[in-house]
2 protein chains.
Amino acid sequence: MADVARSAGVSLKTVSRVINGVSTVDVAMAARVRDAAGQLGFRANFAASALRSGSSSATIGLLIKDLSNEFYATIASGVAEVARAHQTQLITAHSGENAEDEMEAIFDLCRRRVDGLLIVPTGGNHSALRSEIDLGIPMVFLDRNPVGLDADSVVIDNYAGARDATLTLISEGHTRIGVLVDTLNMPTMRQRVEGIHAAFAAAGLPWDDTLLSTNVRGPAEASIAVERLLSLSVPPTAFFCGNNRSSIGALRTLWEQRRTEALVAFDDFQLAELMPRPFRVLRYDNRALGTLGAELLFRRISGEIFDPVTVVLSTELCPRGIQNFQ
Amino acid sequence: MADVARSAGVSLKTVSRVINGVSTVDVAMAARVRDAAGQLGFRANFAASALRSGSSSATIGLLIKDLSNEFYATIASGVAEVARAHQTQLITAHSGENAEDEMEAIFDLCRRRVDGLLIVPTGGNHSALRSEIDLGIPMVFLDRNPVGLDADSVVIDNYAGARDATLTLISEGHTRIGVLVDTLNMPTMRQRVEGIHAAFAAAGLPWDDTLLSTNVRGPAEASIAVERLLSLSVPPTAFFCGNNRSSIGALRTLWEQRRTEALVAFDDFQLAELMPRPFRVLRYDNRALGTLGAELLFRRISGEIFDPVTVVLSTELCPRGIQNFQ
DNA sequence: TTGAAAGCGCTAACAA
DNA sequence: TTGTTAGCGCTTTCAA
C-alpha cells in the first residue's frame, strides 16, 4: 500500500480511502491511485484491514463429520446458502475421529476469530466451550444438543418420530418389530430406540430385546442383521431402521429374498422412491438443520440477546420405493 | 496479550513464546503466563500472528457450484480430506449464478490471502486470474479446464468415455441411440457429445440429430425427452444420458413403461445398483477430482515449480441396476 | 478533502 | 533465557 501511495504521490490514508470507496476523494487523485494499484498489482489484505478496524472476519465455521454423507452434505448446503446471504464465508472443518479432535478443531476456528460456529457434535462434553461463547463466539449445535452446555440447537424429534411410526406399525398388526440401529452411544439413536420402547409400552405389548440389533454401522452390517432376525424361530413381521445407511442394506436383503415384511426407516434419501420394494421413511427437513441453525447463529452474531433456543424439527412418515413392484 | 504480560509480570515476547511453545522459557515463568492467560481469557489471534510473521493463512478455498449435488459434495469431501492432512482449513464458496459472481468469489478469497484455490468453473473467461496466480495464489481447476489461462487442472476423459461406451452400444447392434444432455454450453457436455459422434463416424454409421435432446436439466426434463424419443417413428433402441440427473429421469420412465431399451449413463451415483432395471454407468473416480486436485495445489503451495499439469481421469463402463429384474 | 501519527495484536531481529 | 524495539498492512484519530 505504501508503494501505491508513493507511486501515486498521495498519502497512505488516501489510498485506503480509494480502496474502500468510502469518503469522497478527488476524482483525479482517485484515478491516479487506482492506476498505481493496478500497475503494482496491489491486493488489499483483508486480515490486516479487519485487524486494525476491529471489524469481523466475515467468516463462520461449520464442524461436521463427513461431507460425503448425504445427511451432512445437505446440512452444509443449507448453511452455505444462509452464509452467502449474509456475505459471509464458510469454513467447513471435519470433526475427526474423537471428541478431542473435535475440540481441537473448534479451538482452531476460535483462534481464527470466526464470527460464529455451527457444530454437529459427535460426542464428548462441551462445557469447555462456555468461555469461548462468553468471549463472543456464538455457537449453534445441529442434530444433537450440546453436552454440559446450555446453547442453541436445532434437532430432530427422534423420540416422537420413532414412537409414532412404531405405533403405526403396531396398529397395522405388527407385534414383533426388528430394529437396526448404529451404536447406542449416539444420543440420537438412543432417542429413537426409546421412542420405539414407548410405543410398545403404550400399546401394552412386551418388548423383545432379541429383536434389537445395535452397532449396525452401514449397509453390509444391516444386511447381516436382517438375515439374523429373519432366521429367528419367531421372526419379526416388520423392520425399523435407525438411519438411511442401515435401511439401504435392509432394503437390499429384503428385496433379494423377496420378503414382504414391512420396513420403516429413519431418514429419507435420494432415489428412495426408486427402490425395488415399497417401504416407508421417517423424513424431516434435513436442509433446515443447516438453514435454521445458520439463521439462529446470525441472530446471535448480530448481537441479539435471547435465552438459548432449541428448535425441534418434526418427522413425517412417507411411502417410498416402487409400490406396484412385480 | 499486553494484559497477560502485565499480569504475569513478564514481557510481551515472553507471552508470545509461551503461547507458541517454541523456544524454551523458564518453567515457573511459563506457568505464570499460562495462569494469567487462563485468568484473563486470553485467546491467540491467528490473523495478527500470521500478519506479523508473514506465515500463511493455512487456508485454501474451494469454489464449487452446489454442495447438495452428490458430484460436488464428493469433490468437496476429497478436498477436505487432503486439506486436513495438510493442517489447512477449507473455505467453501459457491460460484453463484454467473461467471461474474464466480470471479467476485475468487477475488474475495484472494483478498483473504488463501494459500491456494480449487475451482470448479461454471463458465466465463479466466484470464483475469493470471495476475492472482503470479502474485502467489496457485489455482487448480477441477472437472473443467480454465478458459484463457494455462493452469493446472484435473478433468474427466469425457470424449473417450462417451466414444468407447457408444462403440460398445454399436457393437451390440444399436444404430439409433437417443442422447440426453444438459446445455451444450458446458464444455464437458460438448465433449461427451463429440465422443458419441466420433463413435458413429468410426463405425461408419450416420448420425441422426433428431435423436439428440439438449437442455435436459434434470430428471423431469429427462423423462419428457425419453418419451419424445420413444414416440419417434423410428425410435432409438438405446439411450445415452449425459449425466446422472438425466439418467434418473430416464430410468424412471423406462422402468414405468417396462421398456427394455439399453441405457448407458455418464456419472455413477449412490444406490445406482438398486435401480429397478439394468443399465450401465460410465463411472470415474469422482473423489479423485478433489484429492488429486488438492494434492496438486499443495505441491504448488509448497513452492514446487513445474509446468501446468492436466490430470485426466479415465472412465469405465459398469453394470448397474437390478439385473434379474422380474 | 487530505495527511501525519499512532496503534490493531502479534512476532522478527536484535540486544541484554 | 529474557526484554526492547520496530513493524506486518492496514485504519483510526485528529490536525491541517
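This one's a predicted model, so the numbers in the text were calculated from it and none came from an experiment. Within every chain, numbering begins at 1; the chains are lettered A, B, ... in the order of the sequence lines, protein sequences first and strands thereafter.
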Applying a 4.0 Å non-hydrogen cut-off, can you work out what [X] is touching in the nucleic acid: base, sugar-phosphate, or nothing?
X	result
Ala44(A)	sugar-phosphate
Val10(B)	sugar-phosphate
Arg43(A)	sugar-phosphate

Using whole Å, what does the distance between atom [atom2] of nucleotide [N] and atom [atom1] of [X] come to?
X	N	atom1	atom2	result
Leu51(A)	dC8(D)	CG	C1'	9 Å
Phe46(B)	dG9(C)	CZ	C1'	14 Å
Met1(B)	dT4(D)	CE	P	13 Å
Arg52(B)	dC10(C)	CZ	P	13 Å
Arg111(B)	dT11(D)	CZ	P	12 Å
Lys13(A)	dT13(D)	NZ	C1'	9 Å
Asn20(B)	dC10(C)	CG	P	10 Å
Asn45(B)	dC8(D)	CG	P	18 Å

* Asked: Between Met189(A) and Asn243(A), is any pair of side-chain heavy atoms under 4.5 Å apart?
  -> yes
* **Below 4.0 Å: OP1/OP2 of dG3(C) and any side-chain N or O of Ser11(A)** => yes
* Does dT2(C) have OP1 or OP2 sitting under 4.0 Å from an N or O in the side chain of Thr14(A)? -> no
* Of Ala48(B) and Ala50(A), the one whose closest DNA chain D nucleotide lies more 5' ->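 On the 5' side of the pair lies Ala48(B).
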* Asked: In terms of side-chain geometry, is the basic nitrogen of Glu104(A) or Arg111(A) positioned less than 4.0 Å from the acidic oxygen of its partner?
  ->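 Here Glu104(A) pairs with Arg111(A) in a salt bridge, since their nearest N and O are under 4.0 Å apart.
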* Considering only NZ, NE, NH1 and NH2 on the basic side and carboxylate oxygens on the acidic side, decide whether Asp35(A) and Arg32(A) come within less than 4.0 Å. =>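 Salt bridge flag = no for Arg32(A) with Asp35(A).
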* Neighbour count above 12 (heavy atom, 6.0 Å) for Glu304(A) CD -> yes
* Which of the following nucleotides, dA4(C), dT1(C), dG7(C), is nearest to the side chain of Asp26(A)? ->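 Nucleotide nearest to Asp26(A)'s side chain: dT1(C).
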* Option among Arg144(B), Lys65(B), Glu102(B) that satisfies the side chain to side chain donor-acceptor pair (under 3.5 Å) test with Thr122(B) ->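 With Thr122(B) as partner, Arg144(B), Lys65(B), Glu102(B) yield a single side chain to side chain donor-acceptor pair (under 3.5 Å), made by Glu102(B).
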* To do: Check if the side chain of Arg17(A) and the base of dG3(C) share a donor-acceptor pair of N or O atoms closer than 3.5 Å.
  =>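 Per atom types, the contact qualifies.
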